[in-house]
Amino acid sequence: MEKTKVIIVGASHGGHESMRALLDNYANLDITLFEAGDFVSFMSCGMELFLENQVTNVNDVRNFSPEQFTTQGVNIMNNHEVTKINADNKTVTVKEVTTGATSEYAYDKLILSSGVTPNNLPIPGTDLANVYLMRGYDWAHKIKQQLDNPAIQNVTVIGAGYIGIEAAEASRKAGKNVTLLDVIDRPLGIYLDPDMTDIIEKELTNNGVQVVMKADVQAFEGSDKVTSVKTATASYPTDLVIQAAGVKPNTKWLDGIVELDSKGFIKNDEYLRTNLKDVYAIGDATLAYSIPAQQKMPIALATVVRREARYVVEHLFEKTPTVPFKGVVGSSALSVFDYHFAASGLNQTTAKRAGLNIKTSFYEDTLRPTYVPAGADNPKVYVQLAFNPQTHQILGGAVLSTYDITAQGNVLALAVSQKMTLEELADTDFFFQPGFDRQWSLLNLAAQNALGESKF
Ligand SMILES: Cc1cc2nc3c(=O)[nH]c(=O)nc-3n(C[C@H](O)[C@H](O)[C@H](O)COP(=O)(O)OP(=O)(O)OC[C@H]3O[C@@H](n4cnc5c(N)ncnc54)[C@H](O)[C@@H]3O)c2cc1C
């Protein structure tokens with residue numbers, strides 16, 4: 001009997017998770033994964049560690065090596081770009097990148113995880129030498145080479161989201177003079193509320209990063225190589241630009257075939273199906289359903305696409321899936337020099353963008369009882385919470401400290417995904433031991449503070 005054919009487009013987090021789940025859930029499938037790039041499954045999430053010399057080898061910074069799956073019968077075809085879906089006869093047209101030759105491959109089910117490509121700013125000078133982007137294997141190598149190059153002294157990073165912050169920190173640790181520019185008013189302003197971004201901005205400045213917010217970047221200047229970055233009010237001498245300011249979905253090839261939104265993101269339904277029968281779309285090339293916002297939003301995270309892939313595969317052969325995809329919270333974490341934060345769900349900025357009315361609170365304390373001297377063993381800890389002003393449902397939150405309390409961010413993720421209220425979090429039964437925390441645990445105290453209770 002002929003095997004059921006499943007084709008996957010894209011060998012990153014989404015492609016990896018789809019293959020894993022297909023092999024775990026079903027026997028006897030004919031699985032083929034097409035990847036346009038040469039190197040299979042570089043993990044950009046590990047790029048900062050590579051840039052800071054913290055990995056065994058750059059070729060280890062990947063989700064999987066092809067052999068892990070070819071030995072289980074999966075066909076992994078790198079340097080193969082899928083250029084078209086022929087929905088009527090259920091085939092895809094695929095171009096071999098090295099030769100330009102094209103072939104058609106039949107599918108019974110097709111999973112698209114074609115992701116995004118970082119944007120060049122729409123300004124003059126992006127074609128100058130040493131104007132870089134930050135994603136994927138090739139850029140990782142180029143950036144590393146320049147960070148190791150003593151002739152490169154001044155690095156300007158465009159974009160103060162978490163990717164830009166990673167670029168700024170890695171460049172600073174490589175001994176460069178670093179300027180961080182963004183059009184928004186606070187670094188990490190899309191992830192954290194002002195009380196926390198104030199602390200982070202100070203940390204960046206204390207570590208020698210020149211932080212310039214509300215910067216209107218107008219041009220990269222130079223004759224062949226970039227020599228300066230011009231904003232509306234200043235000019236910054238620059239040997240290397242790293243742009244981390246937005247992305248575009250890899251969906252041009254789907255235009256007119258699969259329904260896309262105005263920005264080119266693939267439209268999928270609550271079962272993650274596209275408008276084409278048996279064609280599913282997941283990951284960064286789509287918008288994600290946010291549990292706290294109860295709507296689709298851009299949440300471009302590896303954690304999101306992995307959950308989507310798992311869901312799609314689990315329900316792949318049901319006529320109509322028994323349950324819709326439940327959605328995601330959107331959780332991320334990052335170290336910024338000596339500080340570590342984890343954030344989950346909504347904050348003031350993302351709630352506003354989603355058109356939601358939320359209330360927020362900010363709580364500051366010490367990690368352990370006050371009889372433990374303040375300092376490294378009893379550092380300051382900070383918690384922000386976002387909640388529905390009427391129902392007190394927790395919609396988001398973040399934790400920040402020089403001590404690694406990021407695991408508490410996962411507790412917040414659970415609270416958001418389970419739609420807990422402030423009242424419930426205020427007396428959830430967490431442990432107490434003065435070696436670790438206060439008589440009430442940090443998140444209990446943060447919720448009590450949000451409810452207006454007296455300071456413990
Ligand atoms: C520097 C950096 C750090 C990050 N850190 C984190 C982190 O710590 N935690 C986290 O959760 N997320 C992190 N992310 C985000 C995470 O990497 C993405 O959310 C995730 O990679 C999305 O996976 P994806 O499968 O949707 O697409 P992508 O990773 O974008 O991969 C898409 C793949 O499809 C291929 N492709 C595209 N079109 C075609 C085609 N037509 N034919 C064949 N192949 C095609 C591309 O070559 C690519 O390999 C980071 C991202 C960056 C850039």
Side-chain angles (χ1 to χ4, degrees), residues 7-19 32-51 61-64 76-85 92-97 105 110-119 132-140 143 157 159 161-170 191 242-255 257-258 265-266 272 281-288 298-309 312 328-335 342-344 406 413:
I7 288 184
I8 303 164
V9 182
S12 181
H13 289 276
H16 179 214
E17 197 59 41
S18 299
M19 283 190 298
T32 301
L33 180 145
F34 291 110
E35 166 55 47
D38 181 40
F39 186 85
V40 166
S41 214
F42 181 74
M43 194 201 284
S44 290
C45 316
M47 196 192 293
E48 185 184 1
L49 295 178
F50 163 58
L51 297 177
V61 186
R62 67 196 323 179
N63 289 299
F64 65 94
I76 297 198
M77 321 254 302
N78 62 329
N79 290 314
H80 280 70
E81 182 186 352
V82 183
T83 56
K84 202 169 167 215
I85 301 172
V92 288
T93 306
V94 182
K95 182 173 91 183
E96 209 179 314
V97 175
Y105 293 81
L110 175 60
I111 302 173
L112 308 177
S113 193
S114 57
V116 294
T117 303
N119 271 337
Y132 286 8
L133 297 162
M134 182 151 164
R135 193 181 184 99
Y137 186 83
D138 293 343
W139 288 115
I143 294 172
V157 177
Y162 73 88
I163 296 171
I165 299 279
E166 288 187 344
E169 182 161 347
Y191 298 87
I242 304 175
Q243 299 178 89
V247 293
K248 56 175 174 297
N250 295 323
T251 54
K252 210 157 188 285
W253 61 286
L254 295 170
D255 208 3
I257 302 172
V258 168
F265 289 95
I266 304 171
L272 310 184
I282 57 176
D284 283 13
T286 66
L287 301 185
I299 312 177
L301 287 167
T303 47
V304 172
V305 67
R306 287 195 175 270
R307 280 148 188 80
E308 291 175 338
V312 163
V328 293
V329 169
S331 303
S332 51
L334 189 68
S335 293
S344 221
T406 50

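Predicted model, so just to flag it, every value in this text is computed and none were measured. We're numbering straight along the sequence, starting at 1. Counting convention: from 1, in listed order, for ligands and their atoms alike.
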Asker: Give the contacting part of Val304 toward ligand 1: side chain, backbone, both or neither, where contact means a heavy-atom distance below 4.0 Å.
Answerer: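 The answer is neither; Val304 stays 4.0 Å or more away.
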
Asker: Does an N or O from Val9, backbone or side chain, lie closer than 3.5 Å to an N or O of ligand 1?
Answerer: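 N/O-N/O distance under 3.5 Å: no.
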
Asker: Rounded to the nearest 0.5 Å, what separation is found between the CD atom of Glu17 and the CZ atom of Arg307?
Answerer: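 Reported value, rounded in 0.5 Å steps: 8.5 Å.
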
Asker: Can you tell me if NZ on Lys248 sees more than 12 non-hydrogen neighbours from other groups inside 6.0 Å?
Answerer: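 Enclosed: over 12 neighbouring heavy atoms sit under 6.0 Å from NZ of Lys248.
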
Asker: Assign the ring pair Tyr191 / Tyr162 to parallel, tilted or perpendicular, where the plane angle (0 to 90°) is split at 30° and 60°.
Answerer: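 Plane angle over 60°, so perpendicular.
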
Asker: Between CD1 of Ile143 and CG of Asp138, what distance do you get to the nearest 0.5 Å?
Answerer: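 Answer rounded to 0.5 Å: 11.0 Å.
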
Asker: Is the shortest side-chain heavy-atom distance between Leu334 and Glu169 below 4.5 Å?
Answerer: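 A side-chain contact under 4.5 Å is absent here.
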
Asker: With heavy atoms of His80 as the reference, note each atom of ligand 1 found under 4.0 Å away.
Answerer: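 Answer for ligand 1: 43 (C).
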
Asker: If the cut-off is 4.0 Å to any non-hydrogen atom of Val305, which atoms of ligand 1 fall inside it?
Answerer: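 What qualifies from ligand 1 is 23 (O), 26 (O).
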
Asker: Considering only heavy atoms from C-beta outward, does the side chain of Tyr105 approach that of Met77 to under 4.5 Å?
Answerer: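 Yes, at least one pair of side-chain atoms sits under 4.5 Å.
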
Asker: In Å and rounded to the nearest 0.5 Å, what is the CZ to OG distance from Arg306 to Ser18?
Answerer: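 Reported to 0.5 Å precision, the distance equals 9.5 Å.
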
Asker: Less than 3.5 Å between some nitrogen or oxygen of Ala36 and one of ligand 1, yes or no?
Answerer: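 Among all N and O atoms of Ala36, at least one is under 3.5 Å from an N or O of ligand 1.
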
Asker: Test your reading of the model: is there a side-chain donor-acceptor pair from Thr251 to the backbone of Phe265, 3.5 Å cut-off?
Answerer: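 Between the backbone of Phe265 and the side chain of Thr251 there is no qualifying donor-acceptor contact (under 3.5 Å).
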
Asker: Does the plane of the ring in Phe42 sit parallel, tilted or perpendicular to the ring in Tyr137? Use 30° and 60° as the thresholds.
Answerer: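 If you compare the ring of Phe42 with that of Tyr137, the planes turn out perpendicular.
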
Asker: Tell me, please: is Tyr162 in heavy-atom contact with ligand 1, that is, under 4.0 Å?
Answerer: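 True for this residue.
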
Asker: State the CG-CG distance between Asp284 and Asn250, to the nearest 0.5 angstrom.
Answerer: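 Here the rounded value is 9.5 Å.
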
Asker: Is the closest side-chain heavy-atom distance between Arg62 and Val40 below 4.5 Å?
Answerer: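 Side chain of Arg62 against side chain of Val40, heavy atoms only: contact under 4.5 Å found.
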
Asker: Is it the case that ligand 1 has an N or O less than 3.5 angstrom from some N or O of Glu35?
Answerer: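 The answer is yes, given that Glu35 and ligand 1 share an N or O pair closer than 3.5 Å.
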
Asker: Atom 5 (N) of ligand 1: which protein heavy atom is closest, and how many Å away?
Answerer: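 Scanning the protein heavy atoms, the shortest distance from atom 5 (N) of ligand 1 goes to Cys45 CA, 3.3 Å.
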
Asker: Could you tell me the residue and atom name of the protein heavy atom closest to atom 20 (C) of ligand 1, and the distance to it rounded to 0.1 Å?
Answerer: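 Scanning the protein heavy atoms, the shortest distance from atom 20 (C) of ligand 1 goes to His13 CD2, 3.6 Å.
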
Asker: Return the residue, atom name and 0.1 Å-rounded distance of the protein heavy atom closest to atom 30 (O) of ligand 1.
Answerer: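 For atom 30 (O) of ligand 1, the nearest protein heavy atom comes out as Arg135 NH2, 3.0 Å.
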
Asker: Give the residue, atom name and distance (to 0.1 Å) of the protein heavy atom nearest atom 24 (P) of ligand 1.
Answerer: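 Looking at atom 24 (P) of ligand 1, the protein heavy atom closest to it is Ser113 OG, 3.7 Å.
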
Asker: Rounded to the nearest 0.5 Å, what separation is found between the OG atom of Ser44 and the NE2 atom of His13?
Answerer: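 Reported to 0.5 Å precision, the distance equals 7.5 Å.
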
Asker: Any idea which protein heavy atom is nearest atom 31 (O) of ligand 1, and the distance to it?
Answerer: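 Here the nearest protein heavy atom works out to Ser12 CB, 3.1 Å.
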
Asker: Side chain or backbone, does Gly14 bring an N or O within less than 3.5 Å of an N or O on ligand 1?
Answerer: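 In this structure, Gly14 places an N or O atom under 3.5 Å from an N or O of ligand 1.
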
Asker: Hey, are the side chains of Glu166 and Met47 touching, using non-hydrogen atoms and a 4.5 Å cut-off?
Answerer: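 Glu166 vs Met47: side chains apart.
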
Asker: Any nitrogen or oxygen of Ala302 lying under 3.5 Å from a nitrogen or oxygen in ligand 1? Just yes or no.
Answerer: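 Yes, Ala302 has an N/O under 3.5 Å of an N/O on ligand 1.
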
Asker: Which residue supplies the protein heavy atom nearest to atom 18 (C) of ligand 1, what is that atom called, and how far is it?
Answerer: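 Of the protein heavy atoms, Asp284 OD2, 3.2 Å lies nearest.
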
Asker: Going by the order shown, which atoms of ligand 1 are within less than 4.0 Å of some heavy atom of Gly10?
Answerer: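 It comes down to these atoms of ligand 1: 33 (C), 34 (O), 35 (C).
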
Asker: To the nearest 0.5 Å, what is the distance between CG (Leu112) and CG (Leu272)?
Answerer: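 Rounded to the nearest 0.5 Å, the CG-CG separation comes out at 11.5 Å.
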
Asker: I'd like to check which ligand 1 atoms, numbered from 1 as shown, lie under 4.0 Å from a non-hydrogen atom of Val116.
Answerer: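 Atoms satisfying the 4.0 Å criterion: 30 (O).
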
Asker: Examine the proximity of ligand 1 to Ala300 and report which part, side chain or backbone, both or neither, has a heavy atom under 4.0 Å away.
Answerer: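 Backbone only.
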
Asker: Can you report which non-hydrogen protein atom sits closest to atom 38 (N) of ligand 1, along with the distance?
Answerer: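 I find the closest protein heavy atom is Ser114 CB, 3.5 Å.
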
Asker: With the side chain counted from C-beta on, respond yes when Ile266 and Pro249 share a heavy-atom pair under 4.5 Å apart, and no when they do not.
Answerer: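 Ile266 vs Pro249: side chains apart.
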
Asker: Quick one: does Glu48 get a heavy atom under 4.0 Å from ligand 1?
Answerer: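 Flag not set, Glu48 not near ligand 1.
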
Asker: Do any nitrogen or oxygen atoms of Met134 come within less than 3.5 Å of a nitrogen or oxygen of ligand 1?
Answerer: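 Such a contact does not occur with ligand 1.
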
Asker: Give the residue and atom name of whichever protein heavy atom lies nearest to atom 27 (O) of ligand 1, and the separation in Å to one decimal.
Answerer: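 Among all protein heavy atoms, the one nearest atom 27 (O) of ligand 1 is Gly115 CA, 3.3 Å.
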
Asker: Could you list the atoms of ligand 1 found under 4.0 angstrom from a heavy atom of Gly283?
Answerer: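 Under 4.0 Å from Gly283, ligand 1 has these atoms: 26 (O).
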
Asker: Is there a polar contact between ligand 1 and Glu166, counting only N or O atoms under 3.5 Å apart?
Answerer: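 In fact, backbone or side chain, Glu166 has no N or O that close.
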
Asker: Counting only nitrogen or oxygen atoms and a 3.5 angstrom limit, does Ser44 reach ligand 1?
Answerer: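 No.
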
Asker: List every atom of ligand 1 that sits less than 4.0 Å from any heavy atom of Phe34, numbering the atoms from 1 in the order shown and giving each element.
Answerer: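 That gives atoms 43 (C), 44 (N) of ligand 1.
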
Asker: Hey, are the side chains of Glu81 and Trp253 touching, using non-hydrogen atoms and a 4.5 Å cut-off?
Answerer: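 No, side chains not in contact.
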
Asker: May I ask you to check whether Val82 has an N/O atom sitting below 3.5 Å from an N/O atom of ligand 1?
Answerer: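 Looking only at distances, the answer is yes, because the N/O contact criterion of under 3.5 Å is met.
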
